[in-house]
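Worksheet: one structure, shown below.
In the text below, chain A, chain B and the rest are named by the order of the sequence lines, each starting its count at 1.
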Amino acid sequence: MTQVWLKRLGFYALVTVIILQAVFPFYYAILTSLEDGQALFEVNYLPAALNLVNYKSMLANGVFGKQILNSVFVATVVVIISLALAVTAAYALSRIQFRGRGLLLLTILSVSMFPQIAVLSGLFEVIRWMGLFNSLWALVFSYMIFTLPFTVWVLTTFMRNLPVEIEEAAIMDGASSLTIIRRVFLPLMWPAMVTTGLLAFIHAWNEFLFALTFMSTDGQRTVPVAIALISGRSEFEIPWGNIMAASVTVTLPLVALVLIFQRKIVSGLTAGAVKG
Amino acid sequence: MARSVNTSRLTRLRTRSAWAFLAPMLIVLFVVAGWPLGRTIWFSFTDASLDLMSEARWVGIRNYLEYVEFKDGEGKFYGLLADARWWRSVGNTIWFSVVSVSTETVLGLIVALVLNQEFRGRGLVRAAVLIPWAIPTIVSAKMWAWMLHDQFGILNDMLMKVGLISAPVAWTASPDTAMIAVMIVDVWKTTPFMALLILAGLQMIPGDLYEAAKLDGVSALRVFRKITLPLIMPAVLVAVVFRSLDALRIFDIVYVLTPNTDTTRTMSVYARENLFDFDKFAYGSAASTLMFLIIALITIVFILGSRMDLEGKRT
């Protein structure tokens, strides 16, 4: 009997450790964001202050609002374009037999594994040539390198698992492929598209390397770069309170989204990988 | 007869429409990935600089290796392949990837095993575990930079209270611990991904296998070693491949947490600082190219080794 109890105790201790390690850093960031002045430099484990001064100064500095809008714009447009391009491509890759299909899938997969650094200098040239340097469209364009392979890959695995019968009748009726996609597949694909869209959105929202390289003025930066570049006059004047306030502001919506859609996200992540 | 003519016409039509459907996606991928990759490789054989890209001239393999003879007859090798700083970055990257990914695999497996149990509050644990995954990498790096702060950091405070250390550790500033700091952030952030992939593998194991083992009175450890582990191996392998390829290109955590530190400079950081900070565009392109080759080689070994199912034939 005691053994069973010990086992259960051990199990719940493990569960507690898992929850604490996952939640504590974010909890501590919120705590820090509510502290100011001297309070910042005393280590507190429990909320000691509720001071909104960091949030106020962040909002007072108008650039940060613009930067959030930049991130929202880039991520949204990236999702729309990559889904539009991926649906038709996924249909071709999953429902039509043709030569070179395996090789094509392999190529697409390998692009998603690309080290982004490997294309950085070439992409820099392309973006300058298109006149997009320091324009948000440069990010929309360059983010295709990771969102497109990913959405194509996941939607292809999803479509492949739909039964043949659903399109057979339509083919017999002589419906064109485009009609088949629109009338037969799209209604069935909404759940998969919401999931992949969400994951692509998070990816684009978090991207750092391209955003750091292709944007040169504060007003054009996206949120991750903005946060990374917040600095004080010296190493000892880093405004940790402001950094944490900005971090919490851009992370809270993301955490909320992930918690609301957790089942969908889990299935999307595993569809992208396990089936590979 | 008529029917087979019909079907082959239909097949031809469908094949043609397949390529029409693929074209937009392939064109975008070519412009955003294929062409820039080709240009990067080309730049690595030129004397291109940030401002004079179009006037780049072919210089052979000078960026990679060049033997310069001095007046006194002595000579020295220059170029990327002779650059100790580059090889150190390669070493750092591989060391980081091996340690982080193996730690994540073990921790991810533990979390997945816990989530695979039926217990009260399981939903809560799963939600909590997803939080690190949802936090942008830059934000995680900043959060940990603050927690790892040498004077005001809460981690030093905790460790000192418990008595594990007697004086504060300068986690990110000291060369001995900088890499550990980077690994902590990466492991914290990506263990959830590992756990979820392994969990998906665990949930595909039929329950009656466990029941049979239970009836036979097999010990839990033996069940894990003989049933669970072999059955989730494919899922674990795929997760390890994905994570390794991701770890090999790490840039943002290092850039934010430990800038300009020799012990944490990775291949990506090395390439970028040459491209844009040191104005050695061609040299940086050479580093990018070499990094691409190294990762491509590892990918090919992985794909051949794990025999991934690309056509979807084995379902």
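- Between B/Ile110 and A/Leu14 there is a side-chain heavy-atom pair separated by less than 4.5 Å.
- With no hydrogens or angles considered, no side-chain donor-acceptor pair links B/Arg249 and A/Gln116 at under 3.5 Å.
- Looking only at side-chain heavy atoms (C-beta outward), A/Pro224 and B/Val139 stay at 4.5 Å or farther from each other.
- Applying the side-chain hydrogen bond (donor to acceptor under 3.5 Å, both in side chains) definition to pairs two or more places apart or across chains, none involves residues 21-30 of chain B.
- At a 4.5 Å heavy-atom cutoff, B/Arg122 makes no contact with chain A through either its backbone or its side chain.
- For the pair A/Ile230 and B/Lys142, the minimum side-chain heavy-atom distance is 4.5 Å or more.
- At a threshold of 4.5 Å between non-hydrogen side-chain atoms, the residues A/Ile117 and B/Met267 do not count as touching.
- With a 4.5 angstrom heavy-atom cutoff, B/Leu275 touches chain A only via side-chain atoms.
- For A/Tyr12, the part lying under 4.5 angstrom from a heavy atom of chain B is the side chain only.
- With a 4.5 Å cut-off on non-hydrogen atoms, A/Tyr28 touches chain B through its side chain but not through its backbone.
- Between A/Pro25 and B/Met147, the closest side-chain pair of non-hydrogen atoms falls below 4.5 Å.
- Of the residues listed (B/Ile250, B/Asp246, B/Ile295), the one engaging A/Pro115 in a side chain to side chain contact (heavy atoms under 4.5 Å, CB included) is B/Ile295, and it is the only one.
- Looking at B/Ala145, the atoms closer than 4.5 Å to chain A (heavy atoms on both sides) sit in the backbone and in the side chain alike.
- Contact annotation for B/Ser285: both backbone and side-chain heavy atoms come within less than 4.5 Å of a heavy atom of chain A.
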Apply side-chain hydrogen bond (donor to acceptor under 3.5 Å, both in side chains) to B/Arg272 and A/Thr213, showing your working.
CA-CA 9 Å; B/Arg272 208 202 103 98; A/Thr213 308; 2.6 Å; yes
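- For chain B, no part of A/Leu257 is nearby; none of its heavy atoms comes within less than 4.5 Å.
- Here the two rings, on B/Trp19 and A/Phe98, have centers that are under 6.0 Å apart.
- Proximity to chain A (any heavy atom under 4.5 Å) is shown, for B/Arg120, by both the backbone and the side chain.
- With sequence neighbours excluded, no residue satisfies salt bridge (Lys or Arg N to Asp or Glu O under 4.0 Å) with A/Glu35.
- Residues B/Leu26 and A/Leu104 have side chains in contact (heavy-atom distance under 4.5 Å, counting atoms from C-beta outward).
- Between chain A and the options B/Leu196, B/Leu124, B/Leu248, heavy-atom pairs under 4.5 Å are most frequent for B/Leu196.
- Contacts with chain A were tallied for B/Trp133, B/Phe251, B/Trp146; B/Trp146 has the most, counting heavy-atom pairs under 4.5 Å.
- If you tally non-hydrogen atom pairs under 4.5 Å between each of B/Trp144, B/Trp188, B/Tyr255, B/Trp35 and chain A, the highest count goes to B/Trp188.
- Within the 4.5 angstrom heavy-atom criterion, atoms from both the backbone and the side chain of A/Ile96 approach chain B.
- At least one side-chain heavy atom of A/Leu93 sits under 4.5 Å from a side-chain heavy atom of B/Leu22.
- Proximity to chain A involves both the backbone and the side chain of B/Val111, based on heavy atoms less than 4.5 angstrom apart.
- Looking at A/Met144, the atoms closer than 4.5 Å to chain B (heavy atoms on both sides) sit in the backbone and in the side chain alike.
- Between A/Phe124 and B/Thr40 there is no side-chain heavy-atom pair separated by less than 4.5 Å.
- Contact of A/Arg99 with chain B is made through the backbone alone, with heavy-atom distances under 4.5 Å.
- Ranking B/Val28, B/Leu290, B/Val256 against chain A, the residue ahead of the rest is B/Val28, based on heavy-atom pairs under 4.5 Å.
- With a 4.5 Å cut-off on non-hydrogen atoms, A/Leu199 touches chain B through its side chain but not through its backbone.
- Only the side chain of A/Phe24 comes within less than 4.5 Å of a heavy atom of chain B; its backbone N, CA, C and O stay farther away.
- When B/Trp42, B/Phe281, B/Phe276, B/Phe292 are compared by the number of non-hydrogen pairs under 4.5 Å with chain A, B/Phe276 comes out ahead.
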